[in-house]
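Whatever order the structure lists them in is the order used to number ligands and atoms, beginning at 1.
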Amino acid sequence: MFVSAIIPAAGFGERMGATISKQFLMLNGKPILVHTLERFQACEMVKEIIVATQSSSLSLIEEIREKYSLTKLKPPVEGGERRQDSISNALRYVDEQCDIISVHDAVRPFVHLKEITQSIETAKYYGASIVAVRAKDTMKQASTDGRVEKTLNRSSLWSVQTPQTFQKKILLDAYRFAEMNDLMATDDSFLVEQIGISPIIVEGSYENIKVTTPDDLLLAELLVQRFVP
Ligand code: CTP
Ligand code: MG
C-alpha cells in the first residue's frame with residue numbers, strides 16, 4: 001500500500017493576525033509545520049509527503065526538509081487561493097503508485113500516530129475516513145440574526161478534524177466533480193460526500209487542535225510540553 005500525505009500549508013493565517021503565516025510560527029523551538037511533518041515522517045505507512053505552500057515559501061520548505069531530515073518530503077507545490085485549490089494542485093503531483101491519500105492541515109501539530117494509522121486503515125477498507133471528536137457543547141442552529149431555531153441532538157454531532165483519508169480514485173473523482181459543479185468546501189469530506197460516499201468517522205483526540213487564533217497558540221504552547229506522539 002502506497003500512502004501519500006498532502007499537507008495544505010498555503011494559508012495566510014488571517015485570524016491569527018501574526019506577521020508571518022501561522023504554520024511558520026515557532027513552537028518549542030521549531031515551526032508548527034515541522035511538528036506536523038514529523039508526525040507523518042514517523043508513520044511507516046506514509047511513503048511521501050507533499051506540502052502546498054505560497055510561492056514565496058517554496059524555498060523555505062526545501063530548507064526545512066534538509067534541516068529536519070524529512071526524507072519523505074517531496075518538492076513543495078504552489079498553493080491556491082482557497083484550501084481546496086491548494087489541495088487540488090497537490091493532487092497533480094502524487095506518485096503514480098499511490099493508492100491512498102491522507103490530507104492533514106499544516107496547523108494541527110498534535111495529531112497522534114494512532115489517528116494517522118487508523119485513518120489510513122479505515123480508508124483502505126471503506127474508501128474514506130475522517131478523524132473527529134464528539135461535540136462537547138450543546139449545539140444550536142440559529143438564524144442569521146442570531147435567533148435560536150432549534151437545539152441539535154448532541155449525541156449525533158461531531159467536531160471534524162484532519163487527517164481525512166481516501167482511496168485515491170475517490171478523492172480525485174470528488175475534486176473533479178467539485179470543479180465541474182463549482183462546489184466549495186472547507187474540508188475534503190464534504191466534496192467526497194457530494195459524490196455519494198459516506199466517510200467513516202475515526203474517533204480522535206481533543207488535543208488535535210487546529211491552531212487558528214492567538215488563544216490556540218497559547219494552548220499549543222501548553223500542549224507541546226506534554227504531548228506524546
Ligand atoms: N490553507 C491552504 N491554502 C489556502 C488556505 C488554507 O493550504 N489557500 C491551509 C492552511 O495553511 C492550513 C489549513 O489549510 O494549514 C487550514 O486552514 P486555516 O486554518 O483556515 O488556515 P488559514 O487559511 O491560513 O487561516 P485564516 O483562515 O485565518 O486566514
Ligand atoms: Mg482559512
Side-chain angles (χ1 to χ4, degrees), residues 4-27 30-41 46 48-65 68 70 73-94 101-111 115-116 119 130-133 159-166 171 174-175 178-179 182-192 204 206-221 223-224:
S4 304
I6 291 181
I7 310 291
F12 287 92
E14 273 166 30
R15 285 169 289 178
M16 182 62 71
T19 50
I20 58 169
S21 292
K22 60 189 180 179
Q23 54 273 28
F24 300 114
L25 291 174
M26 300 298 269
L27 190 62
K30 46 191 175 193
I32 290 177
L33 172 65
V34 172
H35 290 270
T36 306
L37 293 175
E38 285 177 344
R39 306 281 87 80
F40 284 83
Q41 173 77 29
V46 173
E48 65 171 359
I49 305 170
I50 302 170
V51 171
T53 195
Q54 297 149 23
S55 53
S56 57
S57 304
L58 290 167
S59 60
L60 182 56
I61 302 293
E62 303 276 12
E63 281 169 35
I64 280 176
R65 180 185 194 282
Y68 297 97
L70 297 163
L73 206 52
K74 294 287 150 202
V77 306
E78 249 189 75
E81 202 175 314
R82 303 165 301 172
R83 180 184 185 277
Q84 186 178 333
D85 303 317
S86 299
I87 292 164
S88 174
N89 195 32
L91 285 174
R92 298 166 50 212
Y93 296 90
V94 296
I101 299 174
S102 191
V103 182
H104 183 71
D105 293 325
V107 290
R108 289 188 191 271
F110 304 116
V111 60
E115 287 139 21
I116 301 174
S119 174
I130 61 175
V131 173
V133 286
S159 290
V160 172
Q161 308 172 336
T162 65
Q164 298 192 348
T165 307
F166 312 91
L171 192 59
Y175 267 79
E179 200 172 315
D182 227 0
L183 299 180
M184 269 205 286
T186 51
D187 83 339
D188 306 286
S189 176
F190 176 80
L191 300 181
V192 165
Y206 293 102
E207 283 184 300
N208 184 20
I209 60 164
K210 181 162 74 69
V211 180
T212 307
T213 51
D215 56 307
D216 293 323
L217 195 58
L218 285 178
L219 184 56
E221 274 157 9
L223 285 173
V224 76

Q: For T53 and A9, work out which heavy atoms get closest and say how close.
A: OG1-O, 3.2 Å

(Q) If I take atom CD from residue Q23 and atom NE2 from residue H35, how far apart are they, to the nearest 0.5 angstrom? (A) 13.5 Å

Q. Are R83 and D188 within salt-bridge range, i.e. N to O under 4.0 Å?
A. yes

**Q.** All salt bridge (Lys or Arg N to Asp or Glu O under 4.0 Å) counterparts of K30, not counting sequence neighbours
**A.** E38

Q: Take atom CD of E221 as the centre, draw a 6.0 Å sphere, and report whether it contains more than 12 heavy atoms from other residues, nucleotides or ligands.
A: yes

Q.
For ligand 1, give me the residues whose heavy-atom distance to it is below 4.0 Å, by chain and number please.
A. P8, A9, A10, G11, F12, G13, E14, R15, K22, Q23, G80, E81, R82, R83, S86, D105, A106, V107, K210

Q: Answer with yes or no whether the side chains of S88 and D85 bring together a donor and an acceptor at under 3.5 Å.
A: no

